[in-house]
Amino acid sequence: MEKSLLRYIWKNTRLQQLWILLVVAASMVPYFLAFDLPKRIVNGPIQGSGFEDPDTRQTFLHIAYDVPLFGNVEFFRGIELNRLQMLAVLSLIFLALVVVNGLFKLYINTYKGRLGERLLRRIRFELIDRVLRFPPKHFKRVKSAEIATMIKDEVEPFGGFTGDAFVQPALLGGQALTTLIFIIVQNFWLGMIAAGIVVVQAILIPRMRKRLLELGRQRQITARELSGRVSEIVDGIGAIHGNDTSNLERADIAWRLGRIFSIRYDLYQWKFLVKFINNFLAQVTPFLFYAIGGYFVLLGRLDIGQLVAVIAAYKDLPGPLKELIDWDQARQDVQVKYSQVYEQFNVEPLIDSGIQAVATAPVAALKSALVINNLSLSDDSGARLLNQVSTEIKPNETVAIVGANGSGAEAFAEALGRLAWPDSGGVTIDGRDLLQLPESITGRRISYASADTFFLHGTLRDNLLYGLKHSPLREARYEGGNAREFETYAIEARKAGNPAFDLNSDWVDYAAAGAQGPEDLLKIIRPVLDAVQISEDIFDLALRSTIDPDVHTTIGLHLVELRTSLRRRLAEEDLDDIVVPFDFDLYNAQATVGENLFFGTTKHPMKNSPQLATHPYLQQILGGTSLNDDLYAMGFEIAENAVELFHDLPPHHAFFQQLTFMTADEIPAYQSLLQRLQGSPPNEVSSEDRTLILGLSFSYIEPRHRFGLLDQNLMEKIVNARKRFHAHIPDDLAGLVERHDPQRFSKSASLMDNVLFGRVAHQMADASDQIRTLMREIFFALDLYDDVLSVGLQFDVGSGGKRLTMVQRQKLNLARALLKRSDYFIFNRPLSALDRRLQDQITRCVIQDLHRGGHRPSITWVLSDPSLAEIFDRVLLFHRGTLAESGSYLKLSQTNRIFKELLS
């Protein structure tokens, strides 16, 4: 990296800088003329100089020059104008100069802005590019939040400064110098006064601002440290709650905020002191002009037009001068910031850029052995992890790596996966150092998975296929305006030094997964998901998901068949009572009162049943009967019962799991609500309080909550109100409530609810598990299981995959590695979160599946259970950083004491 920001800017934008400097030079001509013209207007047409006689005319725009050898050459004779005409023409020219100067400023500022944004884009990309090339050990010494803050926020001023780096001093210096020369031309002594003040400002102000730069540097560092500390709190929130250290964290944050406050307050004080002195010096000069210039006018050594022109010109001098001083401060400020960026990102040795070059052609298989020769590894503290390990891993061979934690087994696997760089020795394949091979080879032909997982914020499918997205395999097809937009994007990307890759292209290397294209990719994915035993989890996620039948058309078309098959299977299994189907003429006792009333689901999550209950149309229907008062009375009694039964229970009591309509935290609020409403007629209750009470009745399910509040008469009233509700439902409500229909798919309900078309009986034990089992069998029977999996693969995993359990994340991580069909698989305790039984099952299944169909890749697995080593061709036993022994499972189990201890 360049150590100087100015050199970096010049290196990447010199042609554009030269062009804009030429434009600035050209802008000085109309800028000077705009100063001179007011003097000519005042002294000429206004005061009458040259127009003493009313009939006098002057020549305007006479152009003639003395040319050597030719004498005086007249190019234009000019136009004869009287006093009034001259005033009008000169005034119009002044207006034209104002417009021209404004257009110059517009062009220069617009060009500077584009230039700055382009370089900001370049430097951000280069910094992220360097992050991608950092050596692995460096990531253990930096905080991700601090790196992100520097790239996002701290380089932001570089973009604004880039356009000003060379243009601003040229423009402002040229304007200030032009103004100063003009003043000197009018009167030498007034010019010397202005020049003296300028020199004082140019020397004094930058010296005073050095303190501002130091304070700004401290502010930047403390703000970055605060960002890193907040990131640590977010990442370690579990440890904070588990150790009762939240107040310690508050104290730490308060101390950091106090330090930032102190720095910023000092910064404000010094900043406004500098501004006061600068403004004072700027205002002293007009005082001297009025006093001394006025004295010269009285002596006749200066005419009024010149004095007016000098004062008018000086009005434009403090602005450029102040901005020039600000530019110098900004230059020093961004250089300080750039120096910090340089220190943070100037890491050696970086991964060579050629190693990460894009490769679109297929990569040949690795057919040679991995040779490990005198491999030694150390951690950041210098502790030796591996000491001169030598062995080889052959193609098609399965190798079990066994050793206690800290034995070096994990470090050895990291070295094979290029996640650890050796201190000495190394790993070679076909005579080439593994670290020198392009990532297009190692990233495709060698798969690595460990207990540490990395997931983007996206869908399961995106993260599962992440290991297949090496390069855009086809150009995206654009039509109309999109093509032009992409071409503009590509041009700008190249100008900013960014790659012009199209993110919307298809990046998935289907051939690497053994697929022909996106159509048959799911057939390749499914066996892998089965092997790591995550298919059922994805199936359950799909059942809980809402889907669009227009997208998942196959499921939508078979919906009625699915419902019929489920009813038939329930009858065959003698489980008719486990699900209560929806019937427009009957009350569904397993559904809530609100769902029974609306006979449907709400399309918008924010529009729940209690809020809809206040709709005028529904109020009109309920008001025609006593149902309105009945539901209010029910809600009031539910609140009384809940408060009486649960107010003394601790917040995490198991009973609250059944109390779906009220949380433990809401108990006190409902207590005060009951006291406030006690004895008040329903028609005098406010709409807010009424909504709270109705919310309880609308969420009530008799078989689940068992307060005995629903009798046959009330259920019939609700069904009758339901029929009137749907008879003439207005459009606004029809758009919010999606009615249950046995022949249609409900977009606002989950896939499971759509197939059930009813509610599971709450009193039946394990009812949900039995239903999911039956549904799985039905989807299998109708050949729709893959379609359901495709729905589950659209599940959003959340930030870092945190919506998944640790077990699910490790399974998914292993599945992603398996999809690449590599030549070498390196597994570094990838399933440590699973119990030993599951680890054994998945390990055996993975090896069996990888060695199926004639394809036999090499598998190296760091095992948590040494007894599993019996299914591998060879065992590498590590002990205290050394390779203690290598051999078959049978041999080591009989002769090696360390291995026997691990087995016991």
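The model shown is predicted, which means the values in this text are computed figures rather than measured ones.
Side-chain contact between Leu465 and Lys469 is present, with at least one heavy-atom pair separated by less than 4.5 Å. Counting only heavy atoms from C-beta outward, the side chains of Ile441 and Leu366 approach each other to under 4.5 Å. Side-chain atoms of Ile372 and Leu416, non-hydrogen and from C-beta on, do get closer than 4.5 Å to each other. Considering only heavy atoms from C-beta on, Asn373 stays 4.5 Å or farther from Thr428 through its side chain. Within the 4.5 Å cutoff, the side chain of Lys811 has heavy atoms near those of the Leu834 side chain. Here the side chains of Thr162 and Ile123 are not in contact, with every heavy-atom distance at 4.5 Å or above. In this structure, Leu386 and Ser376 have side chains that are not in contact, with every pair of non-hydrogen atoms separated by 4.5 Å or more. Put simply, the side chain of Ser886 reaches to within 4.5 Å of the side chain of Leu876, judged on heavy atoms.
Shown here are the side-chain hydrogen bond (donor to acceptor under 3.5 Å, both in side chains) partners of Arg133, two or more places apart in sequence or in another chain: Asp129. Residues forming a salt bridge (Lys or Arg N to Asp or Glu O under 4.0 Å) with Glu2 (at least two apart in sequence, or on another chain): Arg7. Listed by chain and residue number, Val807, Gln808 satisfy the side-chain contact (heavy atoms from CB on, under 4.5 Å) test with Thr805 (two or more places apart in sequence, or in another chain). Applying the salt bridge (Lys or Arg N to Asp or Glu O under 4.0 Å) rule to Arg445 yields the partners Asp823; only residues at least two apart in sequence or on another chain are considered. Applying the side-chain hydrogen bond (donor to acceptor under 3.5 Å, both in side chains) test to Asp352 and every residue at least two apart in sequence or in another chain returns nothing. Residues satisfying the side-chain hydrogen bond (donor to acceptor under 3.5 Å, both in side chains) criterion with Asn374, sequence neighbours excluded, are Ser390. By the side-chain hydrogen bond (donor to acceptor under 3.5 Å, both in side chains) test, Glu126 is found to be paired with Tyr8, residues two or more places apart in sequence or in another chain being considered.
Residue pairs meeting the ring pair (Phe, Tyr, Trp, His ring centres under 6.0 Å) criterion with at least one member in residues 438-457, sequence neighbours excluded: Phe454-Tyr466. Sorted by first then second residue, the ring pair (Phe, Tyr, Trp, His ring centres under 6.0 Å) pairs that include residues 405-446, not counting sequence neighbours, are Phe412-Phe878. Each ring pair (Phe, Tyr, Trp, His ring centres under 6.0 Å) pair with one or both residues in residues 800-831, not counting sequence neighbours, appears once here: Phe825-Phe827, Phe827-Trp861. Sorted by first then second residue, the side chain to side chain donor-acceptor pair (under 3.5 Å) pairs that include residues 429-443, not counting sequence neighbours, are Gln356-Glu439, Arg418-Thr442. Within the structure, side chain to side chain donor-acceptor pair (under 3.5 Å) contacts touching residues 253-263 (residues at least two apart or in different chains) are Asp252-Arg256.
Minimum heavy-atom separation, Ala409 to Ile401: CB-CG2, 3.6 Å. What you find for Ala815 and Leu464 is that their closest heavy atoms are CB-CD1, 3.8 Å. A pairwise comparison of heavy atoms in Ser822 and Pro857 identifies O-CB, 3.3 Å as the closest pair. Closest approach of Ala817 and Ser447 over heavy atoms only: O-OG, 3.2 Å. Contact between Ala404 and Ser407 at its shortest, heavy atoms only, is O-OG, 2.7 Å. Across Ser471 and Arg444, no two heavy atoms sit closer than the pair OG-NH2, 4.2 Å.
Atom CG of Asp379 is separated from atom CZ of Arg384 by 10.5 Å, given to the nearest 0.5 angstrom. Between the OG atom in Ser368 and the CD atom in Glu392 there is a gap of 10.5 Å [rounded to 0.5 Å]. Considering CG of Leu385 and OG of Ser378, their distance stands at 6.5 Å, rounded to 0.5 Å. To the nearest 0.5 Å, the span separating CZ on Arg821 from CG on Asp509 amounts to 11.5 Å. Between Leu375 atom CG and Leu434 atom CG the span is 10.5 Å, to the nearest 0.5 Å. Taken to the nearest 0.5 Å, the CZ atom of Arg809 stands 8.0 Å off from the NZ atom of Lys802.
Under the 3.5 Å distance criterion, the side-chain polar atoms of Gln388 are left unmatched by any main-chain donor or acceptor of Gly425. Not one N or O on the side chain of Ser450 forms a donor-acceptor pair closer than 3.5 Å with the backbone of Pro830. Judged purely by atom type and a 3.5 angstrom limit, Arg829 has no side-chain atom pairing as donor or acceptor with the backbone of Val862. Checked by atom type and distance alone, the side chain of Glu414 never pairs as donor or acceptor with a backbone atom of Ala420 at under 3.5 Å. In terms of modelled atom types and a separation under 3.5 Å, the side chain of Gln218 and the main chain of Ile263 share no donor-acceptor contact. Side chain of Arg803 to backbone of Asp796: a donor-acceptor contact under 3.5 angstrom is found. Using a distance-only test at 3.5 Å, with no hydrogens or angles considered, no donor-acceptor pair links the side chain of Arg121 to the main chain of Ala496. Checking side-chain atoms of Asn828 against main-chain N and O of Ala413 turns up no donor-acceptor pair under 3.5 Å.
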Check against side-chain contact (heavy atoms from CB on, under 4.5 Å), Leu814 and Ile534: CA-CA 10 Å; Leu814 180 59; Ile534 198 175; over 6 Å; no
Verdict with supporting geometry, Asn346 and Arg130, side-chain contact (heavy atoms from CB on, under 4.5 Å): CA-CA 8 Å; Asn346 190 39; Arg130 294 183 75 86; 3.8 Å; yes
Step-by-step side-chain contact (heavy atoms from CB on, under 4.5 Å) determination, Ile859 to Leu850: CA-CA 9 Å; Ile859 303 172; Leu850 286 177; 3.6 Å; yes
Criterion side-chain contact (heavy atoms from CB on, under 4.5 Å) on Ile9 and Gln17, from CA distance to verdict: CA-CA 9 Å; Ile9 293 172; Gln17 297 286 357; 3.7 Å; yes
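The aromatic rings of Phe134 and Phe345 sit tilted relative to each other, their planes meeting at an angle between 30° and 60°.
Tested against Phe166, the residues Trp10, Phe161, Trp19 include a single ring-ring contact (aromatic ring centres under 6.0 Å, His included) partner, Trp10. Applying side chain to side chain contact (heavy atoms under 4.5 Å, CB included) to Arg124 and the options Leu119, Val155, Asn498 leaves one that passes, Val155.
The number of heavy-atom neighbours closer than 6.0 Å to NZ of Lys367, taken from other residues, nucleotides and ligands shown, is 12 or below.
In this structure, Glu343 does not pair ionically with Lys3, as no charged nitrogen and carboxylate oxygen lie closer than 4.0 Å.
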